[in-house]
Engineer: 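One structure, pasted below without further comment.
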Amino acid sequence: MAAPEGQWVLMATGRSPTNIAVIKYWGKRDEALILPVNDSISVTLDPGHLSATTTVAVSPSFPSDRMWLNGKEISLSGGRFQSCLREIRKRACEFEDEKKGIKIKKEDWEKLHVHIASYNNFPTAAGLASSAAGFACLVFTLGKLMNVKEDYGELSSIARQGSGSACRSLYGGFVKWCMGKKDDGSDSLAVQLADETHWNDLVIIIAVVSSKQKETSSTSGMRDTVETSPLLQYRAQTVVPSRVLKMEEAIKNQDFESFAKLTCADSNQFHAVCLDTSPPIFYMNDTSHRIISLVEKWNQSEGTPQVAYTFDAGPNAVLIARNRKTAAVLLQKLLYYFPPQDKDLSSYLVGDKSILGDAGLHSIEDVEVLSAPPEMKIQDQKFKGDVSYFICSRLGTGPKVVADENQALIDSVTGLPKGV
Ligand SMILES: Nc1ncnc2c1ncn2[C@@H]1O[C@H](COP(=O)(O)OP(=O)(O)OP(=O)(O)O)[C@@H](O)[C@H]1O
Ligand SMILES: C[C@@](O)(CCOP(=O)(O)OP(=O)(O)O)CC(=O)O
């Protein structure tokens with residue numbers, strides 16, 4: 001039966017991963033279009049552990065565009081949301097569902113308003129790249145709803161206009177954001193280097209570091225760096241281009257030694273250009289530095305890298321271990337220095353909890369009897385409470401449609417977020 005005129009609600013739901021850069025994006029050559037000063041390379045994280053889920057709905061009965069993030073209504077008036085909506089609407093195609101009596105012509109999409117509800121399965125604005133997962137998911141899901149035919153590369157260049165790093169979340173595995181040369185930004189897009197199955201030994205452990213201080217946002221931090229850091233030019237023009245080539249080789253050959261050396265060096269150089277900014281920007285804290293020391297000393301004592309570290313615009317450590325066995329040893333070392341504040345081990349490590357079993361850590365008593373890493377000088381000091389919790393993850397896939405209507409975040413009758 002056809003729906004009465006104006007009564008239907010058409011919806012789509014998608015899920016997108018977050019990503020972490022191993023060659024960092026830092027600095028724009030165009031603020032409005034979000035065009036970077038250098039290429040960057042990232043790994044996509046398993047959406048089961050870190051992802052955004054977004055439902056978008058259209059109905060002739062909606063009087064305006066509205067959005068709810070994690071259950072709270074937020075404004076869509078910002079330029080970044082507006083750019084994504086405008087670019088997707090421009091590419092919308094005719095859609096027809098005869099059974100439901102819905103027919104939307106290409107030109108109708110401009111007049112139809114959308115309701116968007118999104119939910120992150122990890123903390124928002126906590127330095128875990130929620131904006132990357134969020135904007136990738138918004139663009140991907142709007143594209144599905146509006147029957148957009150463009151390929152993922154083109155979608156990535158739209159997501160880029162929401163948040164630069166979001167363009168890399170359109171693909172799984174290893175992804176490169178090619179900076180592009182054109183002034184209109186049409187060649188500044190993401191390409192997949194290898195999918196998540198290419199190198200599936202890697203295990204990712206994130207230390208969510210307790211931090212009270214408010215950080216400088218990536219957007220304003222990188223603006224200040226572009227304006228004041230002489231080191232940034234050298235980084236963007238000389239260092240990154242050769243590192244990107246070496247990183248592509250390392251990924252292709254599953255060469256962990258090169259991969260780890262490049263990842264750590266690039267994280268450290270990104271934080272060096274932050275320090276070279278006037279006034280200087282400090283994203284890492286004492287806990288971050290302690291984790292770097294731990295990894296560096298261990299890698300050195302083994303004679304070859306076991307773990308790579310990388311830090312974004314905040315103190316959280318992202319640690320990439322060469323395999324599960326190494327990840328289990330890493331976890332023992334981390335928990336020796338950073339034991340949980342309370343007795344509950346299972347909420348101290350989220351994501352793939354089975355790594356605890358691999359590390360022989362079944363209860364808090366097992367953590368208490370861990371021995372000090374022999375390669376470390378500081379053996380008798382522990383830093384309980386300095387890490388909020390750990391996430392154990394792996395490489396993951398790109399955005400996917402969530403077909404199960406029960407998982408939609410918007411009620412198909414009211415057109416409002418479920419529970420509102
Ligand atoms: N699921 C989502 N859908 C759409 N937009 C989102 C979503 N999640 C976050 N955002 C946008 O991203 C903003 C948060 O980005 P912000 O850069 O402050 O934090 P972050 O990305 O979590 O951390 P960081 O950039 O330091 O890694 C939110 O205010 C919102 O505008
Ligand atoms: C340190 C980084 O995480 C910076 C990410 O910056 P954003 O993509 O959050 O910045 P905007 O483009 O202004 O939204 C490095 C990276 O992800 O490459």
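All residue numbers in this chain count up from 1 along the given sequence. In each ligand, atom 1 is the first atom listed, and ligand 1 is the first ligand listed.
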Engineer: Which protein heavy atom lies closest to atom 8 (O) of ligand 2, and at what distance to 0.1 Å?
Structural biologist: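 Ranking protein heavy atoms by distance from atom 8 (O) of ligand 2, first comes Ser165 OG, 2.6 Å.
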Engineer: Do Asp108 and Lys105 touch side chain to side chain, with heavy atoms closer than 4.5 Å?
Structural biologist: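 Answer yes - side chains close enough.
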Engineer: Which bit of Ala21 gets closer than 4.0 Å to ligand 2, counting heavy atoms only: side chain, backbone, both or neither?
Structural biologist: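 Contact part for Ala21 vs ligand 2: side chain (C-beta onward).
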Engineer: Select one of side chain, backbone, both or neither to describe which atoms of Ile34 lie under 4.0 Å from any atom of ligand 2, heavy atoms only.
Structural biologist: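 Under 4.0 Å from ligand 2, Ile34 contributes side-chain atoms alone.
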Engineer: Which residue from Ser75, Ser217, Gly127, Cys84 reaches closest to atom 26 (O) of ligand 1 through any of its heavy atoms?
Structural biologist: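 The nearest heavy atom belongs to Gly127.
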Engineer: Just going by heavy-atom distances, which of Gly314, Ser163, Gly221 is nearest to atom 9 (O) of ligand 2?
Structural biologist: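 Looking at heavy atoms only, Ser163 sits closest to atom 9 (O) of ligand 2.
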Engineer: How far is atom 12 (O) of ligand 1 from its nearest protein heavy atom, and which residue and atom is that?
Structural biologist: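 Ranking protein heavy atoms by distance from atom 12 (O) of ligand 1, first comes Ser131 CB, 3.2 Å.
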Engineer: Any heavy atom of Arg168 closer to ligand 2 than 4.0 angstrom?
Structural biologist: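 Flag set, Arg168 near ligand 2.
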Engineer: Have Ser77 and Ser75 got a donor and an acceptor in their side chains that come within less than 3.5 Å?
Structural biologist: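 Looking only at side-chain atoms, Ser75 and Ser77 do form a donor-acceptor pair, the distance falling under 3.5 Å.
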Engineer: Using side-chain hydrogen bond (donor to acceptor under 3.5 Å, both in side chains) as the criterion, point out the one residue from Asp266, Asp312, Asn38, Thr225 that pairs with Trp26.
Structural biologist: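 Testing each of Asp266, Asp312, Asn38, Thr225 against Trp26, the sole residue satisfying side-chain hydrogen bond (donor to acceptor under 3.5 Å, both in side chains) is Thr225.
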Engineer: Any nitrogen or oxygen of Thr219, main chain or side chain, under 3.5 Å from a nitrogen or oxygen of ligand 2?
Structural biologist: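 Right, the criterion is met.
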Engineer: Measure the distance from atom 12 (O) of ligand 2 to every protein heavy atom, then report the residue, atom name and distance (to 0.1 Å) of the closest one.
Structural biologist: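 Closest protein heavy atom to atom 12 (O) of ligand 2: Tyr25 OH, 2.6 Å.
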Engineer: Distance to 0.1 Å, residue and atom name: give those for the protein heavy atom nearest to atom 27 (O) of ligand 1.
Structural biologist: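 Going by distance alone, atom 27 (O) of ligand 1 is nearest to Ala129 N, 2.9 Å.
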Engineer: Do the side-chain N and O atoms of Ser59 and Trp8 include a donor-acceptor pair separated by under 3.5 angstrom?
Structural biologist: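 No pair is found: no donor N or O on one side chain lies under 3.5 Å from an acceptor on the other.
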Engineer: If you measure from the Lys or Arg side-chain nitrogens to the Asp or Glu carboxylate oxygens, is any gap between Glu375 and Lys333 under 4.0 Å?
Structural biologist: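 Salt bridge present between Glu375 and Lys333.
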Engineer: Please determine, by modelled atom types, if Glu296 and Tyr309 share a side-chain donor-acceptor pair under 3.5 angstrom.
Structural biologist: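 Note: Glu296 and Tyr309 side chains meet the donor-acceptor criterion.
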Engineer: Do you see a donor-acceptor pair shorter than 3.5 Å between the side chains of Asn200 and Thr197?
Structural biologist: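 The answer is no; no qualifying pair exists.
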Engineer: Is the NZ or CZ atom of Arg290 both under 6.0 Å from the centre of the six-membered ring of Tyr337 and within 45° of that ring's axis?
Structural biologist: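 No cation-pi geometry.
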Engineer: What do you reckon, does Asp312 put a non-hydrogen atom under 4.0 Å from ligand 1?
Structural biologist: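 For ligand 1, residue contact (heavy atoms, under 4.0 Å) with Asp312 is absent.
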Engineer: What protein heavy atom is closest to atom 9 (C) of ligand 1, reported as residue, atom name and distance in Å?
Structural biologist: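 Heavy-atom neighbour on the protein nearest atom 9 (C) of ligand 1: Ser130 OG, 3.4 Å.
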Engineer: When you check the side-chain N and O atoms of Ser118 and Trp68, is any donor under 3.5 Å from an acceptor?
Structural biologist: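 No, Trp68 and Ser118 have no side-chain donor paired with an acceptor closer than 3.5 Å.
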Engineer: Can you report which non-hydrogen protein atom sits closest to atom 4 (C) of ligand 1, along with the distance?
Structural biologist: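 Its nearest protein heavy-atom neighbour is Met67 CE, 3.5 Å.
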Engineer: State whether Phe95 and Lys103 meet the cation-pi test: NZ (Lys) or CZ (Arg) under 6.0 Å from the six-membered ring centroid, and within 45° of the perpendicular axis.
Structural biologist: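 Judged by the rule, Lys103 and Phe95 form no cation-pi pair.
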Engineer: Among all protein heavy atoms, pick the one closest to atom 8 (N) of ligand 1 and tell me residue, atom and distance.
Structural biologist: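 The protein heavy atom lying closest is Asn120 ND2, 3.1 Å.
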Engineer: Just which atoms of ligand 2 are under 4.0 Å from any heavy atom in Phe270?
Structural biologist: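 With Phe270 as reference, the close atoms of ligand 2 come out as 1 (C).
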Engineer: Within a distance under 4.0 Å of any heavy atom of Lys28, pick out the atoms of ligand 2 and give their elements.
Structural biologist: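 Per the distance check, 11 (P), 12 (O), 13 (O).
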Engineer: Do me a favour and list the nearest non-hydrogen protein atom to atom 2 (C) of ligand 1 with residue, atom name and distance?
Structural biologist: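 Nearest protein contact, heavy atoms only, for atom 2 (C) of ligand 1 is Gly134 CA, 3.3 Å.
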Engineer: Taking Arg243 for the side chain and Thr238 for the main chain, is one N or O donor matched with an acceptor at less than 3.5 Å?
Structural biologist: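 Not confirmed, Arg243 side chain does not pair with Thr238 backbone.
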Engineer: For Arg80, take its heavy atoms, then give the atoms of ligand 2 lying under 4.0 Å from any of them.
Structural biologist: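 Every atom of ligand 2 under 4.0 Å from some heavy atom of Arg80: 11 (P), 13 (O), 14 (O).
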Engineer: Report yes if Thr54 has an N/O atom closer than 3.5 Å to an N/O atom of ligand 1; otherwise report no.
Structural biologist: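 No.
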Engineer: Against heavy atoms of Ser118, which atoms of ligand 1 measure under 4.0 Å?
Structural biologist: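 Listed by number with element, the hits are 1 (N), 2 (C), 3 (N).
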Engineer: Are Asp255 and Lys261 ion-paired here, with the side-chain N under 4.0 Å from a carboxylate O?
Structural biologist: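 Judged by the 4.0 Å cut-off on N to carboxylate O distance, Asp255 and Lys261 do not form a salt bridge.
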Engineer: Can you tell me if Asp224 and Thr277 form a side-chain donor-acceptor pair at under 3.5 Å?
Structural biologist: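 There is no such pair between these side chains.
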Engineer: What is the closest protein heavy atom to atom 28 (C) of ligand 1, and at what distance does it sit?
Structural biologist: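 Atom 28 (C) of ligand 1 sits closest to the protein heavy atom Leu69 CD2, 4.4 Å.
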Engineer: Using a plain distance cutoff, I'd like to know if Tyr119 has any nitrogen or oxygen under 3.5 Å from a nitrogen or oxygen of ligand 1.
Structural biologist: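 In fact, backbone or side chain, Tyr119 has no N or O that close.
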Engineer: Looking only at side chains, do Ser354 and Arg324 share a donor and an acceptor under 3.5 Å apart?
Structural biologist: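 A pair is found: one side chain offers a donor N or O, the other an acceptor, under 3.5 Å apart.
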Engineer: Taking only heavy atoms of Met222 into account, list the atoms of ligand 2 that are under 4.0 Å away from them.
Structural biologist: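 Those of ligand 2 that fall under 4.0 Å from Met222 are 6 (O), 10 (O).
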Engineer: For atom 19 (O) of ligand 1, find the nearest protein heavy atom and state the residue, atom name and distance (0.1 Å precision).
Structural biologist: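 Nearest neighbour among protein heavy atoms for atom 19 (O) of ligand 1, to 0.1 Å: Ala125 CA, 3.2 Å.
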Engineer: Classify the side-chain pair Lys418/Thr55 by whether it contains a donor and acceptor separated by less than 3.5 Å.
Structural biologist: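 No, Thr55 and Lys418 have no side-chain donor paired with an acceptor closer than 3.5 Å.
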Engineer: Do Ser156 and Arg168 have side-chain atoms, one donor and one acceptor, less than 3.5 Å apart?
Structural biologist: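 Per modelled atom types, Ser156 and Arg168 side chains form no pair under 3.5 Å.
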Engineer: Could you tell me whether Ala132 and ligand 1 have an N or O pair separated by under 3.5 Å?
Structural biologist: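 No, Ala132 has no N/O under 3.5 Å of an N/O on ligand 1.
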Engineer: Which atoms of ligand 2 sit under 4.0 Å from any heavy atom of Gly164?
Structural biologist: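 Answer, ordered by atom number: 8 (O), 11 (P), 12 (O), 14 (O).
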Engineer: Heavy-atom contacts with Ala52 under 4.0 Å: which atoms of ligand 1 show up? List them by number with element.
Structural biologist: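 Counting from 1, the qualifying ligand atoms are 1 (N).
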